[in-house]
Amino acid sequence: MRSKVTLARLARNPQARYGLIALVLLLALAYVGPFFGPYDWTDKDFTSFLSPPSADHWWGTTQIGQDVYAVTLRGMQKSIVIGFLVALFSTGLAALVGAFAGYFGGWVDKALMWVTDLLLVLPSFLIIAIISPRLKGASWLWFVVLLGAFSWMITSRVVRSMTLSLREREFVLAARYMGIPGWKIILRHVVPNLSSLLIIDATINVSAAIIGEAALSFFGFGVQPPDVSLGTLIAAGSDKVTGYPWLFLFPAGLLVLLVLSVNLIGDGLRDALDPGSNK
Amino acid sequence: MNEPTTGRDAPILEVSDLNVTFRGGIKAVRGVSYQLRPGEVLGIVGESGSGKSVTSLAVMGLLPEGAEVTGSVRLHGKELIGAREEDLTRLRGKSVSMIFQDPLSAFTPVYTIGDQIAEAVRIHQKVGKDKAARRAVELLDLVGIPHPDVRAKAFPHEFSGGMRQRAMIAMAIANDPDVLICDEPTTALDVTIQAQVLDVLKTAQRETGAGIVMITHDLGVVAGLADRVLVMYAGKPVETGTVDEIYYRPRQPYTMGLLASIPRMDRPTERLIPIEGNPPSPAALPPGCPFAPRCPLKVDACDDAEPELERIGTGGRMSACIRSHEIDLKGLDGATVYPVPEAPAQREERRPRAERETVLKVDDLIRHYPLMKGAVMKRRVGTVYAVDGISFDIAEGETLALVGESGCGKTTTLQQIMQLQAPQGGTVVVLGKDSAKLAKAERKGLRRDLQIVFQDPMSALDPRMPVGDILAEPLRAHGHKDAKAIRARIDELLTLVGLAPEHAERYPQHFSGGQRQRIGIARALALEPKLIVLDEPVSALDVSIQAGVINLLEDLKVRLGLSYLFVAHDLSVVRHIADRVAVMYLGKIAEIGAVDEVYGAPAHPYTRALLSAIPLPDPELERSRERILLKGDLPSPANPPSGCRFRTRCPKRALLGEAEARKCEEAEPAVIRLAPAGDHGAACHYPENTEAVAAPGV
């Protein structure tokens, strides 16, 4: 009933509709596109360096003969995967920390909120920049963990305050008086009832994570070569933007489109889930 | 209604064929017409969703955009529908005033009450600031606020609920309006405060000579106050007439059922008569009469067309039912027309109370909360004496009702019992086990036998779980693993509370309030408990639905041999369902005993005041009875009066001699059994008319 209403409202919201269509197209481009391109992202065409877009190399080539189309799509795949994983990780962490702190209160609350506040005041960019070179050679998943570990705090505070009011709701009291343990009540009654907040938050986190990843990779702290992401590609193309614009414009344009479409969906979801809005 | 429209008796407010349609084709109000003459009180009665509030908002022109209003509303012959917003603004507060249900949200929190009333005066009258302020103080005095000159400088949050509602009335009558619209003005208040506010409303009407439109769901409130009554159902008026006609000779089946379904203080033992089914959704009205699906007098012709209001007999009496004339001729009433549900036979002869097992024993229970101040350095500035030493016990198969006004500690008592932890002071013994000495496994085991039903059926069920899962939760938590057995038990439970097994797949929001409360009861029954704590289980329900749930609770008690701890503020419901009653005041028990004895011969002055404050759905009785009006509000539980806690409001104390009255100040009365034989005790030094009124000093 509720989800049906939400979906109907989401579909009625033009922003969200266009965002959703754009995101589906971008995902299709990133994952289906490479099969149609003539080159693989590891291929190097030694007959053409820095050639502009042509029938053979659709989006041109780099100075070592890589096909920009193939490389950009590969980088986009990485950015998307990192974005979604970070969002999932940070929202999940935010939900658990916030709900446990809010539900149990007392010293659990104090300890968890102390950690949260501590992480909030730490300069995350700097710390990731310092730690990530030490992870060279390790899996890029560590990078996901790092990004996620610094982006959950504000949501978790919101979750905590919402849990404080949910905790007094009678269905939670009923479960407690039934003799159901606290962690089960959190997972079964508290977190599902925060789902609208969490869905919105996760969506917004996707775009934040994609931008964060791109920014860190741009400065060389994120995804390490030979792997590519939109951030590393933009970094590589930025110094040649005047002479060889295709190196920069394709990854940068795709980044903007990706973040924009995710944000549009996030805004639309917020309107659709908020009973007060008239959209 | 073809009354003259000119002359002294000309109606001030004329509403004719008012229709309100919300976005999506939801017809909230369909063809409401009424007239209001000066000094007249018109009661608009209906259950939630009947469109009574929307009607008044439409009259005031306060509906949100997107609501389509048609018809005519004429104030002194001037049309209001379609009038310009500036013209309406000039009328609002001047000619037409409104009193809302929630007085907290009706005041701006950042200005003082006096300023806000003065502002209301200055908007419509050309007077100076100081004169307006003086007028505000006068008005506050008129509505019975003590020390009005001081209290005018107070902010809304410093007023109690009852005082805010009085201030609201003061603001509404500030400009001597011709029409006063009251939308459930006393619903959020306790009975003793309600009695005060109703009294103030009568004063206000006397002062201003205004016509009052009184919107309420409480048939008792209307009975004593209204001259004429309009009954609404599914957005349409179904019956209108003078108050006596409606109450004593209802001619429309819905009105008849509504009156029959109210628990009556004066007829406690009769079985309640519920109206089956639920009001139709305004988005999906049945083709014919909207009440036909629930009507016991339904004939085939009812489905053909919706009946219009038709005149019956002489005078302004109208009813919308094709069988009204027949009802009138035969002189039928609700009790004969509606099927009286049969009470289940008592399984066995009750053993005397002393021989039955005690399922719950609370002894000198204490719960104090520290009052903290300061953000960084928290320090204790006082203590809230929420529950301050109460004792009672419940025998097997018995219902004990805990009654009291809000803030008296009922809910805290419940929580202390349900938590099954060691209380701050005193003991709680459930089924012979002391809650302070329970091991973890024992506590969980005991939870099987102790269950709770909550007040608000909206909030008591997790909205994200289907009903089947909600009912399965206690079963799974207590070790039922077999999915088939759980499923069978769910079907059984749903049938037991009058729902269908296929309802298990639906979510709580698909059910009406009464059905949800039944689901809540089914959940409490899942583990076959011995004692159920009922926290105001029917106070959120409409009367016609409430009757069905009360009957269900009574049936279940007899069939399953349950004991109830029934917490309520509605004394007529308590009279109906309880065997024993404990009246609480400010964390203490004021009076306790068998229902018949407490209601029949209340000994504590507080109980007497409570009982006299309940509005009866009987205009004759209501007009003739004498009310004991209590002064002031409940004192703060953080700073209870010394000695007897009730002494600050006690009407009896005024009649005592000085020496006698001093005792109330100095010594706190304990609950004393009034007669050696009876089951009745009161915590008063000078209880009413019983042998216990011994020589002073006892």
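Values in this document were obtained by computation on a predicted structure and should not be read as measured data. Chain naming here is simple, since letters A, B, ... match the order of the sequence lines and numbering starts at 1 in each.
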Subject >> Atom OH of A:Tyr18 with >12 non-hydrogen neighbours under 6.0 angstrom >> reply: no
| field | Pairwise side-chain contact, B:Glu473 with A:His189, heavy-atom cut-off 4.5 Å (strictly under) | value | yes
Taking a cut-off of under 4.5 angstrom between non-hydrogen atoms, the residues of residues 165-182 of chain A near chain B are A:Arg169, A:Glu170, A:Phe171, A:Leu173, A:Ala174, A:Ala175, A:Arg176, A:Tyr177, A:Met178, A:Gly179, A:Ile180
Residues 106-128 of chain A vs ring-ring contact (aromatic ring centres under 6.0 Å, His included), sequence neighbours excluded, gives none
Honestly, the part of B:Leu461 sitting under 4.5 Å from a heavy atom of chain A is backbone
Neighbour count above 12 (heavy atom, 6.0 Å) for B:Gln424 CD: yes
Discussion item. If you count heavy atoms of other groups shown closer than 6.0 angstrom to CD1 of A:Ile154, is the number above 12?
Written reply: no
Honestly, the part of B:Arg506 sitting under 4.5 Å from a heavy atom of chain A is neither
